[in-house]
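Everything on this sheet refers to the single structure shown next.
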Amino acid sequence: MPATGKTKKSTKKNAKEFDFIVVSNRLPVDRVRNADGKDDWRRSPGGLVTALGPVMAKSDGAWVGWHGAPGEKLDAFGHENMKLIPVELSAEEVELYYEGFANATLWPLYHDVIAPPEFHRTWWEAYRTVNKRFADAVAHSAAQGAIVWVQDYQLQLVPKYLREARPDLQIGFFNHIPFPPLEIYAQLPWRRALLEGLLGADLLGFQRPNDASNFLRCVRRYVNATVKQNQITIGERTVRAGAFPISIDTAQISALAATPEVQERAKQIRRDLGNPKTVLLGVDRLDYTKGIRHRLKAFSELLEEGRLNVGDVTLIQVASPSRERVESYRMLREEVEGTVGRINGTFDTIQHTAVRYLHHSYPLAEMVALYLAADVMLVTALRDGMNLVAKEYVATRANNDGALVLSEFTGAADQLRQALLINPHDIDGLKDSMMAAVEISASESARRMRLMRRQILDHDVERWSQEFLSSLRSKT
Ligand code: G6P
């Protein structure tokens, strides 16, 4: 507004008022250093931003989130077709809200208490403060009647704070991780406040029907509301909850897999490994939910028993660094790296390695080359909201070859029914399925892959976002 001193109401829409706002803990950009030494932003890999970018461009949209640097205050800025609105977090808030409540309380609680969740009142206070700040940032930037889409477990109180500040908005929320069964959720000291936070939304999306029904059961138990099928009535308002399984940008991954450079890189990877008959691949954030230890145990027993031999097979395990200041993640890294060291020490030869372990993250093109190089993809998560890696692997298999070993405890198992489905806790069963994948015939592999490819070609991330947003708009 011009600094005229008068506050004349203009009919022109204020440039800060956006019709569509996405809110997530992190902004969809990473800071990179250019060749000239200056900082710049690069769009983060991941389907969410690919799916929502076009919606943003069309509908005067903005993205609200943390830019990843503790203690740094940044003004809103434009990137590609998006307007990005950074939310500041102090170093202490990163520790209490992000590493603490989000990743050492909620994350383990929502993933079957695989690691014990910690409950600290100071963490909860910081979670509330930070969620309020995110809600305020949205409330100040949203146009009258705008659509706001809040993403994931870090921001479960944002719908309520936002509704209080701006009852005119249409608010959606999507939980990317599982929602736990009542018996586990019940442990949370702030179980009612958190549910009330979510119930500020008009539509709540979950990955699996089971997540939605877990949530509805918790509401029925802890909130004074009426629950009928997928509808919750609280006072005058109705809130809907349902399953909207997320997917990937299938076209982008397929296109990368079709480029000669990526295909050549895939061949190079196999050559560099000494051309083993079979390449097994695991790709995960280094997280205790991913079942990396179970996978390594099964693999090492197969080597021990001589059912697999080094030279014939190699397991590539990409474990991208994650949440490294959280204790349970540090412990996991030590355990995984100790195990890999033991396996390689026992089974490696001068020429060949059993496990090629890579504690790195890679650009998408390199990931696609790895998928192409792999005969068998191993997804052995103990609990996973979706698992997009499984879908990405399938998206690269244009020749309908390769085999996917997939944990039934992932959301992806609902859609990729023709994978070799496993229970990662059953090590013998896992070993048999790994052998079945190594030995699968071309015709059997093609039969399964064709059906799985049809699924993800039909259901990509764009369709996911359209279905969620049209359900939010339609109010039914
Ligand atoms: C999961 C969560 C996301 C999170 C991502 C990476 O996929 O659902 O919300 O952004 O992990 O974790 P980080 O803690 O690095 O943001």
Side-chain angles (χ1 to χ4, degrees), residues 22-31 43-52 63-70 86-87 89 93-112 114-115 123 126-127 130-131 134 149-158 173-180 198 204-208 211 244-249 283-292 318-330 332-333 359-362 364 367 379 381-392 409-412 461 464:
V22 177
V23 202
S24 60
N25 177 53
R26 285 180 191 274
L27 283 175
V29 285
D30 298 312
R31 210 190 296 246
R43 181 206 274 224
S44 340
L48 191 61
V49 55
T50 326
L52 296 177
W63 200 304
V64 171
W66 178 44
H67 49 285
V87 175
L89 293 183
E93 283 165 347
V94 172
E95 194 183 323
L96 305 180
Y97 147 78
Y98 168 71
E99 290 159 0
F101 200 78
N103 289 321
T105 305
L106 294 174
W107 182 269
L109 185 75
Y110 282 34
H111 288 89
D112 285 358
I114 296 165
W123 292 3
Y127 185 82
V130 169
N131 270 244
F134 274 81
W149 195 359
V150 185
Q151 309 287 328
D152 228 354
Y153 65 102
Q154 302 93 344
L155 301 177
Q156 291 175 90
L157 300 176
V158 169
F173 178 93
F174 185 75
N175 200 45
H176 292 248
I177 69 172
F179 197 90
L198 287 169
L204 294 160
F206 297 89
Q207 300 280 27
R208 307 180 91 165
D211 297 316
F244 295 84
I246 199 170
S247 191
I248 54 165
D249 186 351
V283 171
D284 312 85
R285 271 186 316 99
L286 188 42
D287 194 297
Y288 49 79
T289 58
K290 304 291 183 184
I292 300 172
V318 176
S320 51
S322 186
R323 305 174 189 166
E324 292 187 286
R325 284 155 39 119
V326 178
E327 181 60 18
S328 44
Y329 288 75
R330 273 197 215 132
L332 175 73
R333 182 173 177 193
H359 186 241
H360 300 296
S361 358
Y362 293 99
L364 190 59
M367 293 312 307
V379 177
L382 307 178
R383 180 58 72 192
D384 208 334
M386 177 49 64
N387 198 287
L388 295 176
V389 160
K391 292 188 175 180
E392 287 179 356
F409 301 115
T410 63
V461 72
W464 166 80

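What you see is a predicted model; the values in this text were computed from it and never measured. Starting from 1, each residue takes its place in the sequence as its number. One-based numbering, in listed order, for ligands and for the atoms of each.
- Using cut-offs of 30° and 60° on the angle between ring planes, the pair F174 and W464 is perpendicular.
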Which protein N or O atoms sit under 3.5 Å from any N or O of ligand 1? Give each pair with its distance.
unit_1   : atom_1 : unit_2 : atom_2 : d
ligand 1 : 8 (O)  : D152   : OD2    : 2.6
ligand 1 : 9 (O)  : D152   : OD2    : 2.6
ligand 1 : 9 (O)  : Q154   : NE2    : 3.1
ligand 1 : 11 (O) : R323   : NH2    : 3.2
ligand 1 : 12 (O) : R323   : NH2    : 2.9
ligand 1 : 14 (O) : Y98    : OH     : 2.5
ligand 1 : 14 (O) : R323   : NE     : 2.9
ligand 1 : 14 (O) : R323   : NH2    : 3.3
ligand 1 : 15 (O) : R26    : NH2    : 3.3
ligand 1 : 15 (O) : Y98    : OH     : 3.4
ligand 1 : 16 (O) : R26    : NE     : 2.8

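- In this structure, the side chain to side chain donor-acceptor pair (under 3.5 Å) partners of Y153, at least two apart in sequence or on a different chain, are N103, R323.
- Side chains of Y127 and L106 form a contact here, defined as non-hydrogen atoms less than 4.5 Å apart.
- Aromatic ring centroids of Y110 and F179 lie under 6.0 Å apart.
- Ring orientation note: the planes of H111 and W107 are tilted relative to one another, at an angle of 30° to 60°.
- Crowding of R325 atom CZ: a count of heavy atoms from other residues, nucleotides or ligands under 6.0 Å not exceeding 12.
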